[in-house]
Amino acid sequence: MPKPYPREFRDDVVRVARQRESGVTIRQVAADFGISETCLQNWLRQADAEDGAKPGVTRAETDEARALRKRERLLEQENEVLRRAAAYFAQAHLPGK
């Protein structure tokens, strides 16, 4: 997976794309910065969501969801350890062992 562009670079490209003169296309702006048109469109869509101009998931919401998924995985692992420990101790205390 390619390394993501620095945040400052993305912000600069979005700013230039938003402030472009009439007649200048998104494709031209993207080519000037050496990125794909699709990439720039995604950045613009994300910036609109961040600014509240359009519906979408903000970076804060994405980060929160990622943290919650990580926490959920940890809790599931802890639960599995407890389940295995309970089964082990229940079997260790059976009569005849």
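Only heavy atoms go into these numbers, but all of them, side chains included; no hydrogens, no water, no symmetry mates.
Around atom CZ of R71, no more than 12 heavy atoms belonging to other residues, nucleotides or ligands sit under 6.0 Å away. For R7, the CZ atom sits in a packed shell: over 12 heavy atoms of surrounding residues, nucleotides or ligands are nearer than 6.0 Å.
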> Should D32 and V16 be marked as a side chain to side chain contact (heavy atoms under 4.5 Å, CB included) after you check the CA-CA gap, both sets of side-chain angles, and the distance that decides it?
Replying inline: CA-CA 11 Å; D32 288 346; V16 169; over 6 Å; no
>> For D48 and R45: C-alpha separation, side-chain torsions, deciding distance, then whether salt bridge (charged side-chain N to carboxylate O under 4.0 Å, His left out) applies.
In response: CA-CA 5 Å; D48 287 343; R45 190 176 314 110; over 6 Å; no
> For R83 and E80, what are the C-alpha separation, side-chain angles and deciding distance, and is it a salt bridge (charged side-chain N to carboxylate O under 4.0 Å, His left out)?
Replying inline: CA-CA 5 Å; R83 193 176 307 124; E80 181 62 26; 2.4 Å; yes
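Atom OG of S36 and atom CG of N42 lie 7.5 Å apart (nearest 0.5 Å). A distance of 9.5 Å separates CH2 of W43 from CG of D11, quoted to the nearest 0.5 Å. From N79, atom CG reaches atom CG of L75 across 8.5 Å, with rounding to the nearest 0.5 Å. The distance from atom CG of D63 to atom CG of L68, rounded to the nearest 0.5 Å, is 11.0 Å.
Heavy-atom minimum distance, V24 versus R20: O-NE, 2.9 Å. Considering all non-hydrogen atoms of both residues, A30 and L40 come closest at N-CD2, 3.9 Å. Here the closest heavy-atom approach between residue Y5 and residue R10 is recorded as O-NE, 3.2 Å. In terms of heavy-atom proximity, T25 sits nearest to Q28 at N-OE1, 2.8 Å.
Taking 4.5 Å as the limit, every side-chain heavy atom of V14 sits out of range of all side-chain heavy atoms of F9.
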